[in-house]
Amino acid sequence: MQGRLSPMVDGKIQAFPWHAWQQEFPAANRIGLHLMEWTLDQDRLYENPLMTIQGQAQIIALCKQFDLTLPSLTGDCFMQAPFWKAEGETRAALEADFIAIVRACAAVGIGMVVVPLVDNGRIDSVEQEDILVEYLTAQSGLLRGLGIRIVFESDFEPPELARFIDRLDPALFGINYDIGNSAGCGFDPVEEFAAYAARIVNVHVKDRVLGGTTVPLGTGNADFPTVFSLLRKQGYQGNYIMQTARARDDDHAGALKAYMQQIESWISKAA
């Protein structure tokens, strides 16, 4: 996850690393990482290099120079300013932001946009769900033409998430399975996979304590052996994005390298 190789911004565990984003490319290359999920905040949205022609050219050049791909984007902007909760001109402006974002993603080769339906982005009513589903369905032609898939991260109970995702075309919409968030909510991975495993197209790897915050891998309530076993049985072939706890000693590269080795061990042992 972009930002995990940079100092924290304003004490936040996740935010776009304004002063260090270029340095993350060689830093990732040095520890053997070859993909990164871009992060996008609502604050200064159109200043983000992803959203400018000059920035897009720089991103493409850095990817080529350091053998890195950007398969996905995590849209914290949608959680911070959800159009499905807005009205009138505000909603129209946020919907225009959505269009601009997916076009920018296509310009640099990002094919998957994560929309977090958690925290401020959580769907609170049938009306909000209908607004979201109807708007995104109306953008199906655009998404198909750009080669963009929208994937949702949510704190819905497994049956509710299965019901929600069934409303949307599986060719264009899927689920981002966040191991830590599910553990933090106390969900049973077996029940989750029975409900919607076929719709999982991206995985965030992190650990959380039940009802609490992100902690170093293996110290929270996430059942990694079970999750990786279920993913293997499902035939999951997608990416694993490390959305892990921040390094306590500021050795961000060292922390990610250790996490990567731990994850690879869990995956290799998964039956």
Side-chain angles (χ1 to χ4, degrees), residues 1 35-37 69 71-76 78-79 110-119 121-123 129 132-133 136-137 140 143-144 147-211 214-215 217-218 220-244 259-260 262-271:
M1 180 69 67
L35 64 85
M36 179 190 299
E37 186 164 294
T69 60
S72 51
L73 171 141
T74 192
D76 286 341
F78 303 123
M79 176 178 63
I110 292 173
M112 195 178 301
V113 174
V114 179
V115 175
L117 305 179
V118 297
D119 299 329
R122 191 178 196 278
I123 293 174
E129 181 180 314
L132 176 62
V133 169
L136 291 178
T137 299
S140 292
L143 297 173
R144 191 174 291 107
I148 298 288
R149 176 179 272 183
I150 305 299
V151 297
F152 300 96
E153 182 176 306
S154 91
D155 55 7
F156 282 158
E157 295 280 343
E160 273 297 286
L161 182 51
R163 179 200 57 76
F164 168 77
I165 201 64
D166 279 348
R167 297 186 65 184
L168 292 156
D169 182 353
L172 297 173
F173 302 95
I175 289 172
N176 178 84
Y177 183 75
D178 188 300
I179 300 173
N181 286 357
S182 288
C185 290
F187 295 153
D188 176 2
V190 173
E191 182 184 359
E192 291 178 300
F193 276 72
Y196 54 72
R199 300 297 295 270
I200 296 173
V201 295
N202 198 48
V203 172
H204 284 176
V205 182
K206 70 167 177 266
D207 203 350
R208 285 178 60 181
V209 293
L210 182 63
T214 302
V215 295
L217 294 186
N221 286 91
D223 184 352
F224 291 104
T226 294
V227 170
F228 287 121
S229 177
L230 289 165
L231 286 163
R232 171 165 289 187
K233 289 175 181 175
Q234 179 59 31
Y236 177 74
Q237 297 293 316
N239 297 322
Y240 295 98
I241 305 298
M242 292 185 288
Q243 198 182 33
T244 41
Y259 286 144
M260 180 168 58
Q262 178 63 75
I263 294 164
E264 288 172 343
S265 175
W266 278 324
I267 292 172
S268 68
K269 292 176 182 177

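Positions are given from 1, in the same order as the sequence printed here.
- The structure places OG of Ser268 at 7.5 Å from CZ of Arg232, a figure rounded to the nearest 0.5 Å.
- Distance check, rounded to the nearest 0.5 Å: CZ of Arg163 to CD of Glu129 gives 4.0 Å.
- To the nearest 0.5 angstrom, Leu136 atom CG is 6.5 Å from Ile150 atom CD1.
- Within the 4.5 Å cutoff, no side-chain heavy atoms of Pro71 are placed close to those of Met112.
- Met79 places a side-chain heavy atom less than 4.5 Å from the side chain of Asp76.
- Scanning both residues, Ile241 and Ser72, for their nearest heavy atoms gives CD1-OG, 4.3 Å.
- Residues Ala162 and Ala195 share a closest heavy-atom pair of CB-O, 3.5 Å.
- Asn176 contributes no side-chain N or O that, together with a main-chain N or O of Val151, makes up a donor-acceptor pair within less than 3.5 Å.
- Side chains of Val205 and Phe224 form a contact here, defined as non-hydrogen atoms less than 4.5 Å apart.
- No side-chain donor-acceptor contact under 3.5 Å links Asp207 to the backbone of Val215.
- The aromatic rings of Phe193 and Tyr177 sit perpendicular to each other, their planes meeting at more than 60°, with 30° as the lower class boundary.
- Listed for the Asp178 side chain is a donor-acceptor partner under 3.5 Å among the backbone atoms of Gly180.
- Looking at heavy atoms from C-beta onward, Leu132 lies out of side-chain contact with Phe78 at the 4.5 angstrom threshold.
- A donor and an acceptor atom, one from each side chain of Glu37 and Asn202, are located under 3.5 Å apart.
- Atom CD of Gln262 is separated from atom CG of Leu217 by 7.0 Å, given to the nearest 0.5 angstrom.
- Counting only heavy atoms from C-beta outward, the side chains of Phe228 and Ile263 approach each other to under 4.5 Å.
- Counting heavy atoms from C-beta on, the side chains of Thr137 and Asp169 never come closer than 4.5 Å.
- The shortest non-hydrogen separation linking Gly75 to Pro116 is O-CD, 3.2 Å.
- Of all non-hydrogen atoms in Tyr259 and Met242, the two that sit nearest each other are CB-SD, 3.9 Å.
- The aromatic rings of Tyr240 and Tyr236 sit perpendicular to each other, their planes meeting at more than 60°, with 30° as the lower class boundary.
- Put simply, the side chain of Arg167 never gets that close to the backbone of Val133: no donor and acceptor are under 3.5 Å apart.
- The line from CG of Leu161 to CG of Asp166 is 9.5 Å long, rounded to the nearest 0.5 Å.
- Val203 is listed as a side-chain neighbour of Ile179, based on a closest heavy-atom distance under 4.5 Å.
- The shortest side-chain heavy-atom distance between Arg122 and Leu117 does not fall under the 4.5 Å cut-off.
- Listed here is the closest heavy atom pair of Thr226 and Pro189: CG2-CB, 4.3 Å.
- In this structure, OG1 on Thr244 lies 11.0 Å from NE2 on His204, to the nearest 0.5 angstrom.
- Pairing each heavy atom of Pro170 with each of Arg149, the nearest pair is O-NH2, 3.3 Å.
- Between Phe164 and Phe156, the ring planes are perpendicular. Angles over 60° get that label, and only those under 30° would be called parallel.
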